[in-house]
Number of protein chains: 2
Amino acid sequence: MAGQVKAEPVRRLPRAERREQILAAATEAFARNGFASTSLDDIATEAGVTRVILYRHFDSKTDLYQAVLDRMCARLDANVGEPVGGFTDASIDGLLAAAMESPAGFRLLFQHAARETDFKARIETFRADITAAAYLQISAFVPDDGLARWASQLAPVVAIEAIIAWLDAGQPDAAQAAARVRQAVMGVITAAASSEVDCSLPNPSIQGGTAHGNP
Amino acid sequence: MAGQVKAEPVRRLPRAERREQILAAATEAFARNGFASTSLDDIATEAGVTRVILYRHFDSKTDLYQAVLDRMCARLDANVGEPVGGFTDASIDGLLAAAMESPAGFRLLFQHAARETDFKARIETFRADITAAAYLQISAFVPDDGLARWASQLAPVVAIEAIIAWLDAGQPDAAQAAARVRQAVMGVITAAASSEVDCSLPNPSIQGGTAHGNP
DNA sequence: GCATATGTTTACTTCCAGATATACAAGGTG
DNA sequence: CACCTTGTATATCTGGAAGTAAACATATGC
């Protein structure tokens, strides 16, 4: 049976386009297992090209990774805007928009790159800016400095995790997603601000227990 | 000159103790960079021992890692208790206790192992149990199923991140730490439960130009 | 005191994945 | 058509880290 297998005529792309496509593929691949556990072959496969081709667009694996991170950071900056403005409603809108544009990139940045010693610097500045902005706001509400630092470190993390969980859950109630993320963040601030905390989670068996603690 | 360098008389330990000490050292080392980016030499150095010794206690790097994870999971199970009970106040107390016993182990489990494809299974069951328990409780408050799933996935994550941030911030107000974590979690539930959400973060109102960042 | 377990040192093999080089194939545009 | 670009195939070099082996040193408990 000499069945011609339709040869799949080798889709060729202009250089710039191929580069973009590789970056996108690399983002997906890296987002799964991070830098160290992702081989160039994984990426090549994901992009549908040979490993050799990668070297015609990027000097090294590190170079490629950095390009991926830069690309995503740029997207973030574009959406979040000047980080000097503080950790505001707009920041969360921006994060949400960026996450919807590139879920894989979002995960890559905050779940992998942020913990890779060789690359965290690029993200750490971003996070540090947000944390500092949050601290300025939160410290006005929270007298205890330790608690203020706790909350300002936690608030951005909760925002990010809330967004990721929201993506995972299938983006329910998209219209009010940002508002709900904000509310979750508010929970953190409230938790730090209360001087006398007496909060219980709803009891699983008895429905009588009302959720109290949130003004 | 023949300066004797105090020879450091090679502390020897009985097998079981050395094994424990290696596990502790490996926990610290792995917690920094995860499985792939941590070499056996890193661990040996951390333990103050030669690489060869590691092989007298563990068959392979993978075997050692698994032992580290198992050890920490056991600690978790001991503190959190039967996960079938639901995601309750006691769960958070248990998580907090486990995190204080071994901060490195806590980070390792939830920030690294949970994202390593070869090892996540061990943790995924733990997380799945908690998430399922949380879902049962939360779905009673939240009519929309998508939102309920969002909240029940997010709630444990927020608890964990709140605890880690609390460790990072120097464990402020330890007496009420658990209550504050609960309160942060409550913020998530509230966010999912509200049908009409209209939440804003506090405005970074032009307060006296205190422009000192976060330490 | 002595045997044994504990630990060191050194050298080696193996394997993987990053990186490089070269020869060849074919699309499309001047 | 000629030519350059894009892509493939293959082979090889390389370095680092996992894993193995053997000879040696000495604390320590019996």
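Reminder, nothing fancy here: chain letters follow the sequence lines and each chain counts from 1.
- Taking atom CZ on Arg11(B) and atom C1' on dT28(D), their separation rounds to 15 Å, with Å as the unit.
- One atom, CZ of Arg56(B), and another, P of dT20(D), lie 14 Å apart when rounded to the nearest Å.
- The ring pair (Phe, Tyr, Trp, His ring centres under 6.0 Å) pairs that include a residue from residues 46-81 of chain B are Phe30(B)-Tyr65(B), Phe35(B)-Tyr65(B), Tyr65(B)-Phe119(B), where partners are two or more places apart or lie in different chains.
- Between Thr38(A) atom OG1 and His112(A) atom NE2 the span is 8.0 Å, to the nearest 0.5 Å.
- Under the rule for a side chain to side chain donor-acceptor pair (under 3.5 Å), the partners of Arg122(B) that lie at least two apart in sequence or sit in another chain are Asp70(B).
- Side chains of Arg18(A) and Gln21(A): a donor-acceptor N/O pair is present below 3.5 angstrom, by distance only.
- Contact annotation: Arg15(A) does not reach the phosphate of dT5(D) (side-chain N/O to OP1 or OP2, under 4.0 Å).
- Rounded to 10 degrees, the angle between the two end axes of the helix from dG1(C)-dC30(D) to dG30(C)-dC1(D) is 10°, with five pairs used at each end.
- For the pair Arg12(B) and dA5(C), the criterion of a side-chain N or O lying under 4.0 Å from OP1 or OP2 is not met.
- In this entry the distance linking CD1 of Ile53(B) with C1' of dG7(C) reads 5 Å, nearest Å.
- Side-chain contact check for Gln153(B) and Asp168(A): at least one donor-acceptor pair (N or O, by modelled atom type) lies under 3.5 Å.
- The shortest distance between the side-chain N/O atoms of Thr50(A) and the OP1/OP2 oxygens of dG7(D) is not below 4.0 Å.
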